[in-house]
Amino acid sequence: MEKASFLEIRPIAGALGAEIFGLDLSQPLSDADFAQVQQALHDHQVIFFRDQALTPEQHKAFSQRFGGLLEVPFIRALDGHPEILPVMRGKEQKTKRNFGGLWHTDMSYTAEPPLGSALYARVIPPYGGDTMWASMYAAYDGLSDKLKEVLQSLRAIHSPARSYGANGAVVNNGDPAHKMDVRTDERASAEISHPVVRVHPATGRKALYVNRTYTVRFEGMTEEESAPLLDYLFEQAARPEYTCRFRWQAGSLALWDNRCTQHLAMNDYDDFDRELHRTTIAGDAPIAA
Ligand code: SIN
């Protein structure tokens with residue numbers, strides 16, 4: 001194996017998140033460097049690289065080291081790159097809910113939700129437009145033993161309907177006032193059941209796996225019956241001490257592990273444009289605890 005590069009890894013918060021210096025992601029990663037980056041992802045759950053100059057092809061090549069790339073349903077991809085989701089908002093677009101603006105883990109409404117995502121910043125407002133992540137290991141670890149025991153026997157239903165159904169929060173049906181083209185289709189009514197606590201296949205750690213955007217109820221219960229405990233878990237998942245917050249610059253890239261984190265895009269940059277490109281890396285069916 002080639003000699004590994006010297007990487008400086010600087011954590012940015014107590015629960016998760018680290019900046020990594022010493023790699024040019026436009027170049028193919030050696031096996032030794034890939035192993036270091038993968039280890040950093042397992043250790044820190046979300047990792048950040050600054051000052052990267054990436055073409056869409058280089059962004060995809062870096063992401064593909066971790067697995068195959070998924071096409072994201074409902075949203076028009078970048079022209080010529082079906083595996084790149086452009087996350088965009090223009091200053092003329094005042095929106096009640098920005099894309100990614102509620103805590104979530106990507107595509108938990110699918111049977112095999114993504115392993116991770118790599119978001120690359122192209123246009124960033126002078127202030128605002130940060131992204132927050134939260135550790136679902138910390139959220140799980142912070143529960144009482146009794147509640148952990150209860151949750152271990154539960155499964156929850158995830159659905160894209162509230163976001164991408166006919167009246168979905170981010171659907172705009174190609175309205176030219178919106179830079180992103182988000183359309184509903186028959187897949188929006190899908191429902192999928194996942195364990196409420198999942199075991200990370202690489203680290204063996206347990207993570208809470210319900211989120212405010214896509215989790216609609218516990219399996220075998222009504223939405224009304226589920227709401228009190230689900231609301232408690234959504235609050236638990238977003239406790240400030242379990243989060244980190246990243247200030248983007250053009251050229252920053254964030255790589256996160258969807259199996260043990262949630263994230264939220266701040267909607268606080270009304271007067272400015274913001275554009276990032278996301279690749280979404282294929283994952284496996286969640287393993288129950
Ligand atoms: C996302 O949820 O994938 C987008 C996050 C962001 O725009 O910061």
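Remember, it's 1-based here, ligands and their atoms both numbered in the order they're listed.
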Using atom types as modelled and distance alone, determine if a side-chain donor or acceptor of [X] lies under 3.5 Å from a backbone N or O of [Y].
| X | Y | answer |
| --- | --- | --- |
| Thr261 | Asp257 | yes |
| Asn258 | Pro113 | no |
| Thr213 | Trp103 | yes |

So which protein heavy atom does [atom] come closest to, and at what separation?
| atom | result |
| --- | --- |
| atom 6 (C) of ligand 1 | Ala265 CB, 3.4 Å |
| atom 7 (O) of ligand 1 | Arg274 NH1, 2.9 Å |
| atom 1 (C) of ligand 1 | His263 NE2, 3.5 Å |
| atom 8 (O) of ligand 1 | Thr131 OG1, 2.5 Å |
| atom 3 (O) of ligand 1 | Arg278 NH1, 2.8 Å |

When you compare the side chains of [X] and [Y], does any donor N or O come within less than 3.5 Å of an acceptor on the partner?
| X | Y | result |
| --- | --- | --- |
| Thr105 | Asn211 | no |
| His263 | His104 | yes |
| Arg245 | Thr243 | no |

Close-contact set for ligand 1 against [X] heavy atoms, below 4.0 Å:
| X | answer |
| --- | --- |
| Leu119 | 5 (C), 6 (C), 8 (O) |
| His104 | 2 (O) |
| Val87 | 7 (O) |
| Gly100 | 2 (O) |

Please confirm whether Asp130 comes within less than 3.5 Å of ligand 1 when only nitrogen or oxygen atoms on both sides are compared. no

Within a strict 4.5 Å, meaning less than it, do heavy atoms of the Phe21 and Phe49 side chains meet?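 The answer is no, as the side chains (C-beta and beyond) never meet within the 4.5 Å cut-off.
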
